[in-house]
Amino acid sequence: MNVAHQFAAQSLCDTISRNPSQTGGPYVHIGLAPQQAGFEIFEKNFDNNLVSNDTVGERITIEGRVIDGSGSPVRDALLEIWQANAAGKYSHHLDPQDKSVDPSFAGWGRTGADFESGVFEFQTIKPGPVEHNGDRVQAPHICFVIFARGINIGLHTRLYFDDEPNSTQQTRSSRGSSSTTAEAL
């Protein structure tokens with residue numbers, strides 16, 4: 001870009017006022033979970049089932065309902081989870097732990113809340129403890145992020161298991177057990 005173009009672009013930017021921040025509109029769920037909204041646009045859609053018959057570990061179902069501050073269901077929320085496998089290893093090339101990856105475990109899932117009730121469900125396994133910086137062990141947990149209309153930045157939290165050592169030492173946004181129902185993450 002030459003100097004004249006840079007000056008023109010800068011002048012244009014100086015004269016255009018900035019728009020106020022806006023949240024996602026009423027059709028955000030179509031982009032986040034198109035199959036649930038009735039659109040078949042991806043060759044492979046995201047899934048709430050992270051396991052197969054060959055996956056190692058204790059099978060669990062995470063079921064919950066997303067509600068807003070007034071207690072009403074958030075009917076078009078999108079939830080993602082990611083977690084370590086049963087051995088405590090993330091299925092990612094940057095996880096430095098000397099543990100095996102389970103090729104039959106996805107480690108990441110996505111689902112939309114039901115459009116009427118706000119209920120969601122994931123089929124997964126109970127994760128193992130994860131080493132942190134080589135000097136301590138994190139309690140088994142599942143990371144959640146929630147996206148929805150009216151939320152500019154995803155809401156992040158973790159689900160811990162009451163029957164695990166070190167769970168009481170972790171900061172908790174949500175508590176759970178292998179057979180829990182999570183209400184209002």
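Judged purely by distance below 3.5 Å, without hydrogens or angles, the side chains of D68 and S70 pair a donor atom with an acceptor atom.
For the pair V130 and A84, the tightest heavy-atom approach, listed with the atom from each and the gap, is CG2-CB, 3.6 Å. Considering every non-hydrogen atom in both S52 and T55, the closest pair reads N-OG1, 2.9 Å. Between K99 and P129 the shortest heavy-atom distance is NZ-O, 3.2 Å. Counting all heavy atoms, side chain and backbone alike, L50 lies closest to G107 at CD2-C, 3.8 Å. Taking all atoms of both residues into account, the shortest heavy-atom contact from Q97 to E131 is OE1-N, 3.1 Å. A pairwise comparison of heavy atoms in P73 and S117 identifies CB-O, 3.2 Å as the closest pair.
The side-chain contact (heavy atoms from CB on, under 4.5 Å) test with F120 singles out one residue from V74, I81, I62, I146, and that residue is I62. Applying side-chain contact (heavy atoms from CB on, under 4.5 Å) to F122 and the options T61, L79, N49 leaves one that passes, L79.
A donor-acceptor pair under 3.5 Å is absent between the side-chain atoms of D102 and the main chain of A87, judged by distance alone. For D95 (side chain) and Y90 (main-chain N/O), a donor-acceptor pair under 3.5 Å exists by modelled atom type.
Atom CD1 of residue I142 and atom NZ of residue K126 lie 10.0 Å apart, to the nearest 0.5 angstrom. One distance of note links CD1 of I125 with CZ of R59; it measures 7.5 Å at 0.5 Å rounding. Interatomic distance, CZ of F105 versus CD of Q83, reported as 3.5 Å (0.5 Å rounding).
Contact check for V145 versus W82: side-chain heavy atoms found under the 4.5 Å cut-off. Counting heavy atoms from C-beta on, the side chains of T111 and E121 never come closer than 4.5 Å.
In this structure, F147 is a member of the same hydrophobic cluster as W108, with clusters built from ILVMFWY side-chain heavy atoms closer than 4.5 Å.
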